Amino acid sequence: MENPFTSRVARLDTLAKRMHAERQDWIEQLAGHRSFDPEAMHMQLGRLRRERDDVQSKLLLATDRCARLDPEQARLEALASAGLNPRWWFSSERTIAKRHLAVVSQQANQARSERTSLERSAAASDQVIKALGQRIRDYHAFDPLRAVATIEGIQVELEVNRAKARALGERRDALDRLLGDLPARLAALHQEQAAILRDIATAKRYDAALSNADTGQARAILHEECEACLGDSSPGRYISKQRGALAPLERDIDKLSRRIEHIISVATVDIDHLVIDGNNLCYAQNDFVGLAPLQALVPELLERYKVTLVFDASIRTLLKTRDAGIRATFPGGATVHVVASRGKADEVVLEQASGNPGAYVISNDRFADYPDKDAVSERRVLRHEIVGGTLSIMELGVRTRYGHGDGAAHAR
């Protein structure tokens, strides 16, 4: 299972590159606008148009020459041709026509070459004039104030994007730390499962081949091959054994997959409120340790979340104190609520977390009596471990030490 923050960070990186390129384009456009001299460009445009008009005039003259010379060349070519009359071949008229044709052909070729050259020059001039005219229009259409505002706006967006990418990168790294080697362990289990399934498929092929074997000798050979391949001469027995190994393996895969999915689901939610089952965190195993774990935990949680502590009414007796004494133990901004006499905190805890997808409960209670409550049905309950003076909440990346003294002393 891939860390979902990895792809989100990659998308933000791609967006940042796109915004940077857009900002750079605006900067270049603005620099080009500021360096553009419209008066000089208008003068240049006028000069180019005059030069183009001069080329057009020459082109008209060259075209007229071609119009006069082309028919004359055609007429002389007809006269200079040998024809079918032998007397014409050596006539003085044909000799004169051939001399005139050489002169006219040279003039016509020069005129056509000049016309082609002038046509190309005129076309090139038109393109340059068109491009310069467009640059002048672009200059007048360009709004430098809008460009400056856009550049500044993109810069702000880039800073916001960088902050988001940095925050998501931190969450990605934190999730990687929370997951630890769990994804690798899951991949190893899947590989083991795939190997067993492949072996079962091989055994089934041997089993089918045995069913189709015609002779005892053929079956004996198949049993030997099965023994050499799978370590068991009986494919049916091997399949049964492997299926027996597959069942607990699939349970482990399912359990580990659900654990990883839960860690990822908690890590990808923007938690803003933690509701703590107070009494639940006052016990290490079955031993009452008082408020010491909570005194170590709550200040750390308040740095990131809104925190509400809810206690059973029994906490008064266990700590031998009043509500005010308990509240005074948590002066840093946490909300502390002790339910009414003989009351249970479970329902109050779950109500505090209802209606807000970002509200999670910290408790080892499974709340089996409240399957309809949002926090239970949406799996927004985080479990904790209190062992050897250390309180851990894996999904939050919390691991904090607390004093072994009785927390009740601080509540009096």
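It should be emphasised that the depicted structure is a prediction, and the values quoted were computed from it without experimental measurement.
Under a 3.5 Å cut-off, the side chain of Asp287 and the backbone N or O of Tyr283 do not form any donor-acceptor pair. Side-chain atoms of Thr63 come within 3.5 Å of backbone N or O of Leu59 as a donor-acceptor pair. Side-chain atoms of Arg401 come within 3.5 Å of backbone N or O of Gly388 as a donor-acceptor pair. Between the side chain of Ser105 and the backbone N or O of Ala102 there is no donor-acceptor pair closer than 3.5 Å. Between the side chain of Ser354 and the backbone N or O of Glu351 there is at least one donor-acceptor pair closer than 3.5 Å. Looking only at distances, no side-chain donor or acceptor of Asn364 sits under 3.5 Å from a matching main-chain atom of Arg383. For the pair Asp181 (side chain) and Ala184 (backbone), a donor-acceptor distance under 3.5 Å is absent. Judged by distance alone, with hydrogens and angles left aside, the side-chain atoms of Ser392 form no donor-acceptor pair with the main-chain N or O of Met394 at under 3.5 Å. Within the 3.5 Å criterion, the main-chain N or O of Phe5 finds a donor-acceptor partner in the side chain of Asn3. In terms of modelled atom types and a separation under 3.5 Å, the side chain of Ser211 and the main chain of Asp207 share a donor-acceptor contact.
A donor and an acceptor atom, one from each side chain of Arg120 and Ser117, are nowhere located under 3.5 Å apart. Residues Thr308 and His337 have side chains that never bring a donor and an acceptor to within less than 3.5 angstrom of each other.
Ring orientation note: the planes of His42 and His140 are tilted relative to one another, at an angle of 30° to 60°.
Using a 4.5 Å heavy-atom cutoff, the side chains of Asn279 and Ser314 are in contact. Between Val310 and Ile276, the closest side-chain pair of non-hydrogen atoms is not below 4.5 Å. Looking at heavy atoms from C-beta onward, Ile362 lies in side-chain contact with Leu396 at the 4.5 angstrom threshold. Proximity of Leu12 to Arg162: side-chain heavy atoms (C-beta onward) are nowhere separated by under 4.5 Å. Counting heavy atoms from C-beta outward, Arg316 and Thr321 have side chains that stay 4.5 Å or more apart. Two residues are said to be in side-chain contact when any heavy atoms from C-beta on lie closer than 4.5 Å; Asp138 and Phe142 fail this criterion. Within the 4.5 Å cutoff, the side chain of Val361 has no heavy atoms near those of the Arg380 side chain. Residues Ile136 and Pro38 fail the side-chain proximity criterion, which asks for heavy atoms closer than 4.5 Å.
When every heavy atom of Ala203 is checked against every heavy atom of Ile239, the shortest pair comes out as CB-CG1, 3.5 Å. The two atoms that bring Ala218 and Ala213 nearest to each other are CB-CB, 4.1 Å, heavy atoms only. Between Thr329 and Gly325, the shortest heavy-atom contact is OG1-O, 3.0 Å. Scanning all heavy atoms of the two residues, the minimum distance from Gly355 to Asp374 falls at N-OD2, 3.1 Å. The shortest non-hydrogen separation linking Leu158 to Ala16 is CD2-O, 3.6 Å.
Under the salt bridge (charged side-chain N to carboxylate O under 4.0 Å, His left out) criterion, Glu385 pairs with no residue, sequence neighbours left out. When the side chain to side chain donor-acceptor pair (under 3.5 Å) test is applied to Arg172, no partner is found at least two apart in sequence or on another chain.
Atoms CG and CG, on Leu186 and Leu179 in that order, are 10.5 Å from each other to the nearest 0.5 Å. Glu2 CD to Ile264 CD1: the interatomic distance, rounded to the nearest 0.5 Å, is 9.5 Å. In this structure, the separation between CD on Glu347 and CG on Leu350 is 8.0 Å, given to the nearest 0.5 Å. One finds the CZ atom of Arg52 at 10.5 Å from the OG atom of Ser57 (value rounded to the nearest 0.5 Å). Note that CG of Leu274 and CD1 of Ile393 are 7.5 Å apart. Values are rounded to the nearest 0.5 Å. Note that OH of Tyr238 and CZ of Arg243 are 12.5 Å apart. Values are rounded to the nearest 0.5 Å.
Under a 4.0 Å N-O distance rule, the pair Glu114/Arg65 qualifies as a salt bridge. The pair Asp70-Arg112 meets the salt-bridge criterion, since a charged nitrogen lies less than 4.0 angstrom from a carboxylate oxygen. Ion pairing between Asp254 and Arg258 holds under the 4.0 Å rule for side-chain N and carboxylate O. Between Arg18 and Glu22, none of the side-chain N atoms (NZ, or NE/NH1/NH2) sits under 4.0 Å from a carboxylate O, so this pair counts as no salt bridge. Between Asp54 and Lys58, at least one side-chain nitrogen of the basic residue sits less than 4.0 Å from a carboxylate oxygen of the acidic one, meeting the salt-bridge criterion.
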Stepwise salt bridge (Lys or Arg N to Asp or Glu O under 4.0 Å) check, Asp272 with Lys306
CA-CA 6 Å; Asp272 54 38; Lys306 173 186 175 183; over 6 Å; no

Using the rule given for salt bridge (Lys or Arg N to Asp or Glu O under 4.0 Å), can you reason through Arg171 versus Asp270, listing the C-alpha separation, both sets of side-chain angles and the distance that settles it, and then say yes or no?
CA-CA 11 Å; Arg171 293 179 70 177; Asp270 293 323; 2.6 Å; yes

Verify side-chain contact (heavy atoms from CB on, under 4.5 Å) between Glu152 and Trp26, making sure each step is shown before the conclusion.
CA-CA 10 Å; Glu152 292 175 350; Trp26 276 104; over 6 Å; no

Evaluate the criterion side-chain contact (heavy atoms from CB on, under 4.5 Å) for residue pair Arg11 and Thr14; output intermediate values, then yes/no.
CA-CA 5 Å; Arg11 284 196 296 272; Thr14 301; 5.6 Å; no

For Cys229 and Thr202, run side-chain contact (heavy atoms from CB on, under 4.5 Å): C-alpha distance rounded to whole Å, both residues' side-chain angles, the deciding distance at 0.1 Å, then the answer.
CA-CA 9 Å; Cys229 180; Thr202 302; 4.0 Å; yes

Apply salt bridge (Lys or Arg N to Asp or Glu O under 4.0 Å) to residues Arg166 and Glu170 and explain how you reach the verdict.
CA-CA 6 Å; Arg166 188 163 49 249; Glu170 291 172 357; 5.4 Å; no

Run the numbers on Glu159 and Gln155 for side-chain contact (heavy atoms from CB on, under 4.5 Å), then give the verdict.
CA-CA 6 Å; Glu159 293 300 329; Gln155 182 61 36; 3.0 Å; yes

List the steps, then state whether salt bridge (Lys or Arg N to Asp or Glu O under 4.0 Å) holds for Asp173 with Arg177.
CA-CA 6 Å; Asp173 296 343; Arg177 289 192 295 272; 5.3 Å; no

Please report the C-alpha distance between Tyr139 and His33 in whole Å, then the side-chain angles of each, then the deciding distance to 0.1 Å, and finally whether the ring pair (Phe, Tyr, Trp, His ring centres under 6.0 Å) criterion is met.
CA-CA 6 Å; Tyr139 172 81; His33 178 82; 4.3 Å; yes

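Heavy atoms of other residues, nucleotides or ligands lying less than 6.0 angstrom from CZ of Arg47 number more than 12. The environment of Gln285 atom CD is sparse: at most 12 non-hydrogen atoms of other residues, nucleotides or ligands sit within 6.0 angstrom. Around the CD atom of Gln134, the shell of radius 6.0 Å holds more than 12 heavy atoms that belong to other residues, nucleotides or ligands. For NE2 of His100, the number of neighbouring non-hydrogen atoms (other residues, nucleotides, ligands) closer than 6.0 Å is 12 at most.
When the options Leu302, Val336, Val275 are evaluated for a side-chain contact (heavy atoms from CB on, under 4.5 Å) with Val307, the one that passes is Leu302.
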